[in-house]
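Report on the following structure.
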Amino acid sequence: EVGILAKSYIDQGRLIPDDIMTRLMLDELRGLDRCNWLLDGFPRTVAQAKALDRECQIDTVIDLDVPFETIKCRLTARWIHPASGRVYNLEFSPPKVQGIDDITGEPLVQREDDKPETVTKRLQAYDALTKPVLEYYREKGLLKSFSGTETNKIWPHIYAFLQTKLPDISQENAATPR
């Protein structure tokens with residue numbers, strides 16, 4: 001129910017309201033108190049950050065400082081095959097035939113939240129809301145920023161930093177999304 005409500009905001013190019021997003025995330029985090037975990041894209045507002053702080057001990061916050069144009073280009077180049085969920089990117093993993101799924105030959109579609117106007121709106125809203133969050137964590141001494149445009153150039157620096165926080169992580173485990 002909460003996921004469907006959240007999707008309606010995303011489809012309109014709007015950010016999910018704090019109360020919905022916080023409820024969604026905190027429900028997922030309950031029971032992970034004995035594990036290390038990494039959140040991506042949450043919290044996005046100071047209200048969400050404070051709600052998270054009330055429930056969890058935050059050790060570090062990583063800021064990936066990537067230019068908006070880079071993000072926009074990557075997102076707007078993404079196309080999917082709806083039936084299978086296969087994802088293509090016109091820049092670095094294009095289909096063999098433009099606009100056609102490699103396996104079924106069916107047409108690819110662009111999700112509403114990947115269309116240029118939607119991406120621009122979301123990035124502008126994200127910027128306005130997250131600057132205070134970064135400042136909130138900077139003041140707490142928890143923020144570490146990494147700048148760049150390419151994953152393979154940023155990742156070694158992030159990995160080295162994470163080694164100082166979680167020295168028992170291996171490169172193999174660190175490369176596996178969970």
Side-chain angles (χ1 to χ4, degrees), residues 1-66 68 71-72 74-75 78 80-87 89 109-115 118-119 121-146 151 154-155 157-159 161-178:
E1 180 184 321
V2 175
I4 292 169
L5 184 58
K7 185 180 182 324
S8 71
Y9 285 91
I10 292 169
D11 288 347
Q12 296 171 40
R14 296 168 51 203
L15 295 179
I16 300 166
D18 288 339
D19 61 324
I20 296 169
M21 193 67 209
T22 301
R23 188 171 54 164
L24 195 66
M25 292 304 297
L26 293 180
D27 285 350
E28 289 295 319
L29 292 174
R30 287 193 179 91
L32 295 179
D33 55 334
R34 294 186 180 163
C35 304
N36 293 313
W37 40 263
L38 174 70
L39 300 176
D40 180 7
F42 179 85
R44 289 191 177 168
T45 68
V46 173
Q48 291 175 5
K50 289 179 177 179
L52 181 62
D53 283 349
R54 285 191 295 272
E55 297 286 329
C56 305
Q57 173 68 41
I58 306 302
D59 299 319
T60 193
V61 175
I62 296 174
D63 170 37
L64 298 179
D65 182 20
V66 179
F68 278 6
I71 297 168
K72 184 176 177 182
R74 287 187 188 160
L75 291 177
R78 186 167 56 184
I80 64 165
H81 177 247
S84 68
R86 273 185 292 283
V87 178
N89 187 292
V109 300
Q110 190 172 42
R111 296 179 349 185
E112 282 302 314
D113 58 327
D114 288 342
K115 292 187 177 177
T118 306
V119 169
K121 274 175 47 179
R122 290 183 69 212
L123 287 173
Q124 289 169 343
Y126 176 84
D127 186 48
L129 291 172
T130 55
K131 280 184 182 176
V133 175
L134 296 177
E135 188 55 36
Y136 173 79
Y137 284 119
R138 186 177 290 112
E139 288 174 5
K140 292 177 136 243
L142 298 175
L143 185 68
K144 177 73 174 167
S145 291
F146 299 91
T151 303
I154 298 173
W155 174 244
H157 301 287
I158 297 169
Y159 180 73
F161 172 72
L162 289 174
Q163 284 278 338
T164 68
K165 298 290 183 179
L166 303 165
D168 60 337
I169 64 170
S170 69
Q171 181 69 35
E172 181 180 307
N173 288 339
T176 306
R178 297 177 199 250

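The residues of the chain are indexed from 1 along the displayed sequence.
Applying the ring pair (Phe, Tyr, Trp, His ring centres under 6.0 Å) criterion to Phe146, with sequence neighbours excluded, gives Phe161. Every salt bridge (Lys or Arg N to Asp or Glu O under 4.0 Å) that Arg78 has, sequence neighbours left out, goes to Asp114. Among residues two or more places apart in sequence or in another chain, the salt bridge (Lys or Arg N to Asp or Glu O under 4.0 Å) test is passed with Arg86 by Asp101. Take Glu112 and apply the salt bridge (Lys or Arg N to Asp or Glu O under 4.0 Å) test, not counting sequence neighbours, and it matches Lys115.
Here the side chains of Asp59 and Leu142 are not in contact, with every heavy-atom distance at 4.5 Å or above. Counting heavy atoms from C-beta on, the side chains of Tyr137 and Asp63 never come closer than 4.5 Å. Using a 4.5 Å heavy-atom cutoff, the side chains of Gln12 and Lys121 are not in contact. Side-chain contact between Ile158 and Leu64 is present, with heavy atoms from C-beta onward closer than 4.5 Å. When side chains are defined from C-beta on, His157 does not count as touching Ile154, because their heavy atoms never get closer than 4.5 Å. For the pair Ile80 and Arg111, the minimum side-chain heavy-atom distance is below 4.5 Å.
The shortest non-hydrogen separation linking Leu29 to Cys56 is CD1-SG, 4.2 Å. Listed here is the closest heavy atom pair of Val46 and Tyr136: CG1-CD1, 4.3 Å. Shown here for Leu24 and Ala6, the closest heavy-atom pair between the two residues is CD2-CB, 4.5 Å. Nearest heavy-atom pair, Phe68 versus Leu123, reported as atom, atom and distance to 0.1 Å: CE2-O, 3.2 Å. The two residues Pro43 and Val133 come nearest to each other via the heavy atoms O-CG1, 3.9 Å. Across all their heavy atoms, Arg23 and Val2 have their closest contact at NH2-CG2, 3.2 Å.
In this structure, the separation between NZ on Lys165 and OG1 on Thr60 is 4.5 Å, given to the nearest 0.5 Å. The CD atom of Glu28 sits 10.5 Å away from the CG atom of Leu39 when rounded to the nearest 0.5 Å. Rounding to the nearest 0.5 Å places CD of Gln48 at 8.5 Å from CG of Leu129. Taking CD1 of Ile20 as the reference point, atom CE of Met25 lies at 14.5 Å (rounded to 0.5 Å).
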Please walk me through it: do Thr118 and Leu75 pass side-chain contact (heavy atoms from CB on, under 4.5 Å)? CA-CA 10 Å; Thr118 306; Leu75 291 177; over 6 Å; no
Check the pair Arg30, Asp27 against side-chain contact (heavy atoms from CB on, under 4.5 Å), reporting the backbone distance first and the verdict last. CA-CA 6 Å; Arg30 287 193 179 91; Asp27 285 350; 2.9 Å; yes
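Of the charged side-chain nitrogens involved, at least one lies within less than 4.0 Å of a carboxylate oxygen, so that Asp113 and Arg122 count as a salt-bridged pair.
Side-chain N or O atoms of Ser8 include one that pairs as donor or acceptor with a backbone N or O of Leu5 at under 3.5 Å.
Residue Ile4 places its CD1 atom among 12 or fewer non-hydrogen atoms of other residues, nucleotides or ligands, all under 6.0 Å distant.
Annotation: salt bridge (Lys or Arg N to Asp or Glu O under 4.0 Å) contacts involving residues 38-50, sequence neighbours excluded, are absent. For residues 130-142, the salt bridge (Lys or Arg N to Asp or Glu O under 4.0 Å) pairs, not counting sequence neighbours, are Asp53-Lys140, Asp127-Lys131, Glu135-Arg138.
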